[in-house]
**Student:** 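Below is a structure I'd like to ask you about.
Convention: sequence-line order gives letters A, B, ...; per-chain numbering from 1.
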Amino acid sequence: MKTTLGKLNPGAAGIIVGVAASGECAPDLARRFLEMGILEGARVEVLHKAPFGGDPLAVRVRGSIIALRRNEADHVEVQLEATHE
Amino acid sequence: MSEVLELPKIALAGNPNCGKTALFNALTGSRQKVGNYPGVTVERKEGQIITSSGAKLNLLDLPGTYSLDARTPDEMIARDIILGRQSTETPPRLFVAVADATSLERNLGLVLELRALNKPVVLALNMMDLAHERGLKLDLEILSRELGVPIVPTVAVKKQGIAELIKLVESRLQISGALPVVASPEWEKPNMAAIRVRFTEVDRILKLATVTPARVSVWTEKIDRVVLHPLWGSLLLVAVLAIMFQSIFAWATIPQDWIKGALDFFGKWVGTLLSEGPLRSLLVDGIIAGVGSVLVFLPQILVLFGVILVLEDSGYMARAAFLMDKVMGRVGLHGRAFIPLLSSYACAIPGIMATRTIESKRDRLTTILVAPLTTCSARLPVYTLLIAAFIPNKSVLGPLKLQGLVMLGLYLAGIFAALGMAVVFRKTILRGPKPALLMELPTYKWPSVKNIAYGLWERTQLFLVRAGTVILTASVLLWFMASYPKPPAGAVVDEAHSAITYSYAGKLGTAIEPLLRPIGFDWKISVALIPGFAARETMISALGTVYAVEGQEDHVAEALGQKIAKDWSMATALSLLVWYVLACQCLSTLAVTRRETNSLRWPVFMFVYMTALAYGASFVTYHAARWFGL
């Protein structure tokens, strides 16, 4: 299933399939995403959400833990892994 | 000529949190100099490496950056020096790229960027011990061949690999010494495609060189489950802040008493050495009392910085910013603004300097403008004096005392003022889109005692320089203005007409009194506020001088408290407290704002808005208190 990173909650994981594909993302932010390792093909896993409304998120990607807000995370498209339920 | 004599310069470049500072300390030892780059408050750290053959090299520690595509002032400095565009800096002849071995997938991006500049690069693979613990096995030969740079594995905090790194640097400099120096290499801001290509290359190289990949840090995961937990994490943050304030107000008072005692002794000793006269007066009443009243805060500031450095070094600070982002976001600030505002409790100057990590200009300006509203340690002596003199120490609600509650109230007033003004600025003059948050949460590490000690030593130096310049000048100036001209021969000098009424300070105080009368300040407060504008805490010694109380610091506070308790109304005291919460009374803050914003406009604005806010609030407080019959 395809969704955006901003809609996920702790425990969810998937492969990044698009960064700033919609074109609404500020170019500066999009380049920053890539430099921090939020790149197409990388596996991303949501680890934590902050208190007071579950925003921002802490995700693991390419060996680092990155904090980002749901708003911005919505520019990152993710192909969800099948959950083992 | 000077270029011939200048030592070969090399620069350390790397991502934030890669252990670059620890490596810098290990390479240079105590041979380092901390300063600022001209025009900005970005810290410039330079040190000397001594090679095994005794040759000396200059090492420049560049601010941490994820890429050459710079956004913050820190990153721009790093980029400009790397590209040889910083006019005040000779371009480095060689780069030591530092990469966190536990996070190569991201760290190698910058290494590839540096390599593309066609200047000599060597790579220090730092934190190799942690990487090994996490099961990483690399073929360094393949890694070095594919990256095209020589590699030394290091563990900076344990000084491992340092000698090898120095040797490698030396041999590379000899090889490249024959080649012409590329002063300003070609560089173009990369587009998204170029960044994707860069990281695809990183992946290709790592795939070839990795024997077994590193596991994720189990410890960091475990700790984060508590630290970032919505409930436990929030409670822990409150506990950390509580310990921090406890350490400032309870533990720091012990060394403060030592300093006080030493100054008292020193003042008396100087007093006995010199005969009564202007020189003794200048030394004892002007310099020792004035600078001493500020030196007393050194322990508090060091304790606070110590706590902040430990929190930063361990990796907790970024988590605090993560937890606070939503709250800060509500007033239009970035989660990262939490750190500068927290530092401002010690002193707004380091607080304002800490805003350098905030990317958005508007966000950064807002944080700078409101930082001086948080209750810095220089307000404390004034609060202590006024509360002791005017607020009865009766119990309210069991163990809670009224004096303590008023102190807490003043602190809260400072926070609410800062957050409230942030909302105002973000909705008016600094309106703009909410800035993005994209922040690394680094792996937890034991803070290194040595790095903390270096950090504290830096702060101490900065603080002592301030005490030795701004505050010394203000003290001497005030002493002069309060001492001259002397009362004319035959003039009446008594309680009502003390000698100071004839001095410049007395005349100036009388001149500005009409301005301050509506908020309940008499001419004596007005006089004391003049030096208080240079640095808040000097108001106490100034009041001491104005009230012509004999004796040294410690007794000054006591006797002064009794005098003002008799002389001022409660309404005046409350008004002055509110004034101290809000007014901009610190030349150094204005100076650092001027440097940080690179314009005169913002410090002027800061001064005007804070003074207006203070005047308005004091006016309301004074008249409300009068109305209640206080």
**Student:** Just wondering, are more than 12 heavy atoms of other shown residues or ligands nearer than 6.0 Å to NZ in B:K445?
**Tutor:** yes

**Student:** Is any side-chain heavy atom of B:L237 closer than 4.5 Å to a side-chain heavy atom of B:Y316?
**Tutor:** yes

**Student:** Is there a side-chain contact between A:L68 and B:L437 in this structure, where contact means two heavy atoms from C-beta onward sitting under 4.5 Å apart?
**Tutor:** no

**Student:** Chain B: which of A:L34, A:I38, A:V61, A:I66 shares the most heavy-atom pairs with it under 4.5 Å?
**Tutor:** A:L34

**Student:** Among B:K222, B:E133, B:R134, which residue satisfies the side chain to side chain contact (heavy atoms under 4.5 Å, CB included) criterion with B:S217?
**Tutor:** B:R134

**Student:** For chain A, which of B:R198, B:E221, B:R225 has the most heavy-atom pairs under 4.5 Å?
**Tutor:** B:E221

**Student:** Check whether A:N71 gets within reach of chain B through its side chain, its backbone, both or neither, counting any heavy atom under 4.5 Å.
**Tutor:** neither

**Student:** Under a 4.5 Å cutoff for heavy-atom pairs, which residue among B:I195, B:T200, B:L231 has the most contacts with chain A?
**Tutor:** B:I195

**Student:** Decide, yes or no, whether a salt bridge links B:D69 with B:K189 under the criterion of side-chain N to carboxylate O below 4.0 Å.
**Tutor:** yes

**Student:** So for B:P213, is it side chain, backbone, both, or neither that comes closer than 4.5 Å to the heavy atoms of chain A?
**Tutor:** neither

**Student:** Considering only heavy atoms, which portion of A:L39 lies under 4.5 Å from any heavy atom of chain B: side chain, backbone, both, or neither?
**Tutor:** side chain

**Student:** In terms of heavy-atom proximity below 4.5 Å to chain B, should A:L47 be classed as side chain, backbone, both, or neither?
**Tutor:** side chain

**Student:** I need the residue from A:G63, A:P56, A:A50, A:S64 with the largest number of non-hydrogen atom pairs under 4.5 Å to chain B.
**Tutor:** A:P56

**Student:** Using heavy-atom distances under 4.5 Å, tell me whether B:T220 contacts chain A through its side chain, its backbone, both, or neither.
**Tutor:** side chain

**Student:** Compute both the distance and the angle, then confirm whether B:R319 meets the cation-pi test with B:Y444: under 6.0 Å from the six-membered ring centre, within 45 degrees of the axis.
**Tutor:** yes

**Student:** Checking B:N15 against chain A: side chain, backbone, both or neither under 4.5 Å from a heavy atom?
**Tutor:** neither

**Student:** Are the charged groups of A:E35 and A:R32 less than 4.0 angstrom apart, N to O?
**Tutor:** yes

**Student:** Name the option with the most non-hydrogen atom pairs under 4.5 Å to chain A; the candidates are B:M324, B:H229, B:R196.
**Tutor:** B:R196

